[in-house]
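Quick notes on the structure that follows.
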Amino acid sequence: MFVGLLLSRYLNMSVEGQEAVTTVTPGQYILIEGNDDEYPFVAKLLKFFGDESHKQKKALVQWFLRLSEVPQNKKLLLGRSPHPQEIFYYLGRACDNEINAESILGTVDVRQDNSPDTLYVKLSWDTKAFNVLDPVLMQDTPASTPPKPALPLFPPCASPTATPVSRGPVRRALPTPDPTVMRRAGSVSDTRATMSAGKRSTLEISANDLLLCLSQGWATLMGVGATKKSELIMMDCSCLFPVGSRSYFIYLDVIFVVLLTCVPVLRLHVSSVPESLPCREQEFQDIYNFVESKVMDGTGGCMYISGVPGTGKTATIHEVIRCLQHASDMDEIPTFRFIEINGMKMTDPHQAYVQILQKLTDQKVTADHAAALLEKRFSNPAPKKETTVLLVDELDLLWTRKQNVMYNLFDWPTRRHARLVVLTIANTMDLPERIMINRVASRLGLTRMSFQPYSFKQLQQIITSRLNKVKAFEEDALQLVSRKVAALSGDARRCLDICRRATEICEHSTSHPSSAGLVRMNHVMEALDEMFSSSYITAIRCASLQEQLFLRAVIAEFRRLGLEEATFQQVFVQHRALSRVEGLQPISVSEGLAVCQRLGACRLLLLEASRLDMLQRVRLNVSQDDVLYALKAVRD
Amino acid sequence: MSKRKVKETHMPVGECISQYGYIFQVQMILRERFCHQRLPEKPVGMESQHKHLLELLRRTAVHGESNSVLIVGPRGSGKTMLLNCVLRELLEVKDVNKNVLPVHLNGLLQTDDRIALKEITRQLNLENVVGDKVFGSFAENLAFLLEALKKGDRSSSRPVLFILDEFDLFAHHKNQTLLYNLLDVSQSAQAPVAVIGLTCRLDVLELLEKRVKSRFSHRQIHLLSSLSFIQYLDNVRSQLSLPQDFPDTNFYDEWNDGIKTLCEDQSVVDVLQRHYNSSKDFRSLHLLLMLALSRVSASKPAIKPTDLLEASRVCMVDSKANILHGLSILELCLIIAMKHLNDIYEGEPFNFQMVHNEFKKFLQRKSHSIHNFDKPVVIKAFEHLQQLELIKSMDSSTAKIQKEYQLMKLLLDHSQIMEALQKYPQCPTDVKQWAMSAFG
């Protein structure tokens with residue numbers, strides 16, 4: 001065997017199978033050890049070579065994919081159900097095409113025609129689409145130049161694991177938005193500006209602009225939330241377009257009415273995805289650089305992101321991933337997989353394993369088994385591996401007593417072959433120090449980022465950018481909202497909710513929806529009142545006479561005792577005295593208890609369990625001053 | 001009213017039968033009203049809230065805009081009634097009717113997220129879809145449902161209205177997973193949903209975890225009735241009046257006139273004023289009117305002021321004083337002994353031995369009519385009082401201490417005891433005097 005190997009001078013190599021010794025020669029199709037014992041990887045051997053130290057035998061291969069290896073979301077591109085024996089010629093470049101010679105399991109027969117028992121190839125897969133395979137590629141040309149058309153990302157003879165791989169051609173400074181998108185956004189906002197100026201006469205808009213508005217603007221606007229009615233109008237409009245200008249203008253008028261009324265509300269909904277995320281440029285850039293460098297290097301890493309709710313953490317990461325996906329579609333960076341899990345959307349921390357595995361390989365297994373499979377996947381070297389970017393939202397809920405879920409999540413990226421980037425999100429800045437034991441916190445590393453609550457200026461900018469130059473708010477009104485929210489929490493969601501409500505109030509304040517003007521100060525004030533004002537005082541004012549009397553009795557008893565707590569029995573004595581003073585018929589104990597329970601149900605009072613009957617202790621849930629203020633206003 | 005009485009006595013037989021039929025109908029109509037089986041035509045005194053909620057749900061149902069809202073108001077203030085009225089109105093719209101899927105959950109029934117999820121699946125008729133898949137765990141079920149909700153987008157999927165009754169109880173579920181997920185769907189561009197919470201707690205937002213709170217839109221509709229007594233009276237009249245479409249106009253006029261005079265009667269106004277002072281909500285009012293209505297029969301086809309007075313008396317009666325009427329003399333004596341102990345020791349707890357001593361003192365000094373009872377008999381009486389929860393044991397660990405020495409507290413007010421003694425049938429005078437004397 002060794003003689004044979006020497007003689008062949010890397011042209012042949014023998015593989016020790018389980019039963020017999022098989023010899024493989026370049027040009028043959030081989031099976032290579034992978035994650036799945038049942039379905040090993042398939043490749044065509046191109047040539048053998050030794051690494052620098054001549055200790056390890058390496059092989060250059062051309063990969064073939066089974067459908068199960070195609071990313072989940074791309075499987076549909078095939079458009080038919082695949083044959084179990086079908087494999088695809090791999091044209092991508094993200095995979096390392098060198099393997100250790102030891103991982104070869106044996107040879108296999110691959111044909112180009114449809115045969116039931118052997119593997120066959122008909123299509124090629126270039127990470128984006130299935131194409132009909134060029135038969136030239138399948139010619140038996142052993143040790144020829146690799147048939148990869150793209151730029152050689154990995155120099156053929158450098159082992160990718162030993163030396164850091166050369167980065168992509170040029171690192172881009174900032175992902176610039178697609179120029180077509182930019183143009184579209186510009187044109188739409190232009191037309192919108194004209195509309196909001198109240199000039200709904202169509203005369204100013206040339207036919208070209210109109211076309212632009214219809215074909216592109218609608219897409220953006222209605223992408224945000226199409227109503228069936230407006231879609232209908234749009235269709236009508238495009239049908240009528242060539243017929244005559246008169247009817248066309250009438251329809252246009254209708255469109256503008258629809259636009260004017262529905263756009264601000266829809267754009268202000270938290271769910272509408274903005275074109276860009278203002279005020280988070282720095283954070284965006286940092287995360288982008290981090291993930292991009294890891295994807296390019298094919299290494300792994302962890303990042304911890306903290307910030308109070310509603311500061312755009314998840315949105316920023318999604319934006320980063322979107323930009324990176326775009327970049328990888330443009331072949332600027334290698335392809336990668338993005339997986340998202342959320343601690344709140346699981347019932348048990350161990351479900352994390354199941355969900356990750358399911359999203360990676362579409363397997364459904366138990367938590368323990370999933371953990372084992374993932375462990376194997378991330379610790380063993382495997383060819384054709386692309387980087388996985390894992391987003392763990394609401395990290396604090398993955399806490400377990402032994403913290404093994406967190407430990408594993410942060411340990412995998414440190415493995416040599418894992419190529420896993422873990423981005424974690426939680427609300428508190430000091431979560432690693434507070435709840436994680438040392439070995440977990442240490443693996444998480446020190447790549448931290450904290451999202452500050454938005455300042456009022458930023459909130460203002462967010463709303464303005466969301467409205468996209470539609471002038472729907474008075475300047476002062478906008479400032480009031482953003483200042484109010486910034487002072488309370490800096491939560492962008494809250495800010496958008498208030499604005500949305502204010503727009504609704506504004507809409508309802510006028511009789512005809514199209515005549516609604518700008519959202520003014522008073523509308524915003526009303527919305528703020530609705531959302532922020534405490535209802536306790538109104539509740540006390542609207543309470544029945546006996547309930548109010550009982551609250552007064554509670555305060556009187558507190559004053560007498562000098563404590564903030566009294567039993568019902570004590571309060572009831574006061575209540576009876578007070579009702580005598582007021583000239584009311586005193587109520588029975590049962591009734592008094594009912595009154596007390598009603599106040600307790602609204603949480604104006606805090607009560608002990610009602611089985612204690614007369615001995616239950618009563619406390620106020622509102623400050624005494626508030627009660628007195630509310631009651632005084634009633635009596636005046 | 002007296003006029004009608006006269007008429008009644010001279011009523012021929014045939015008319016009597018039809019009279020019976022009408023009374024039956026009246027009772028049907030009014031009972032449906034009072035037992036909340038039929039929604040009112042229009043919710044009273046909450047027009048602005050009605051408009052707000054209708055508009056909000058219409059946005060979800062028609063435009064596919066997700067929303068979340070809380071309806072907050074004290075018990076019996078008409079939260080569910082308002083919501084049902086809005087839903088009824090919403091479902092009358094043609095497109096909406098086939099499109100909207102309401103899901104009703106109640107915090108008292110769905111006590112944890114697993115049950116809630118099962119119920120959601122059932123109400124969304126997804127059981128068949130789920131059926132052939134066996135969910136290993138709650139987590140998978142949740143994931144499936146979220147996936148089902150996520151798949152749709154605004155224009156294509158059917159809007160789902162999640163109605164969470166007793167919303168505050170859902171906040172006690174572990175991690176508030178259900179609320180987080182529902183509100184998260186309502187805040188993201190997935191299938192259009194509206195999450196409507198009904199609660200009587202004013203501080204409900206403080207129960208929500210910060211992440212959940214941030215996802216809630218903070219829209220609250222408060223139902224706090226600021227009904228004046230005049231409006232309350234009007235409402236009583238309209239509640240008791242017959243609808244326009246009553247078959248017999250004669251009877252209709254007669255009945256409604258009777259109700260009008262009833263509501264002007266001073267004693268009735270006093271009774272209603274008392275109820276109004278105690279509570280403004282309609283549920284307790286309905287209870288009162290229901291009692292009055294049940295006294296109406298073919299031979300007495302109208303509600304009289306006395307009916308209402310009697311009903312009010314039944315409603316207002318003190319339940320514990322009622323229990324005292326059913327006690328034996330011995331038990332009553334023990335209660336009086338406890339009352340004296342309370343006076344002496346200023347509400348400190350007592351045990352059986354102390355009560356027994358007090359009772360024996362009474363027997364020796366003052367009693368003429370009551371025999372001496374054996375101790376076991378007295379203990380039995382004491383235990384009976386405990387079972388009636390007129391006295392309550394103070395220490396939690398009852399096992400260690402002998403029955404005679406367990407510390408007890410009396411769950412009765414002095415006024416209740418005195419009131420009961422006044423009405424107790426054939427109460428011996430010496431017992432009465434003992435009760436009224438200052439100390440033992």
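What you see is a predicted model, and the numbers here were worked out from it, not measured in a lab.
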Pick one of side chain, backbone, both or neither for [X], based on which atoms fall under 4.5 Å of a heavy atom in chain B.
X        : result
A/Arg598 : side chain
A/Leu584 : side chain
A/Gln585 : both
A/Ala543 : backbone

Decide, yes or no, whether a salt bridge links [X] with [Y] under the criterion of side-chain N to carboxylate O below 4.0 Å.
X        : Y        : result
B/Asp318 : B/Lys320 : no
B/Arg59  : B/Glu55  : yes
A/Asp393 : B/Arg211 : no
B/Asp413 : A/Arg576 : yes
B/Lys423 : B/Glu419 : yes

Under 4.5 Å from a heavy atom of chain A, the part of [X] involved:
X        : answer
B/Asp184 : side chain
B/Ser284 : neither
B/Lys174 : side chain
B/His218 : both
B/Ile221 : neither
B/Gln187 : both
B/Val317 : backbone
B/Glu206 : side chain

Against chain A, work out which of [options] has the most heavy-atom pairs shorter than 4.5 Å and name it.
options                               : answer
B/Ser217, B/Gly76, B/Ser226           : B/Ser217
B/Leu205, B/Leu56, B/Asn67, B/Asp281  : B/Asn67
B/Arg75, B/Gln220, B/Lys280, B/Lys409 : B/Lys280

Close side-chain approach of A/Glu340 to A/Thr314, heavy-atom, < 4.5 Å: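 In contact.
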Student check: side-chain heavy atoms of A/Leu397 and A/Pro349 closer than 4.5 Å: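 Counting from C-beta outward, A/Leu397 and A/Pro349 never come under 4.5 Å.
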Over 12 non-hydrogen atoms of neighbours within 6.0 angstrom of CZ in A/Arg619: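 No, not enclosed.
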A/Gln574 side chain to A/Val571 backbone, donor-acceptor under 3.5 Å: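 No; zero donor-acceptor contacts below 3.5 Å.
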Whether A/His575 and A/Phe550 hold their rings parallel, tilted or perpendicular, with breakpoints at 30° and 60°: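 Plane angle between 30° and 60°, so tilted.
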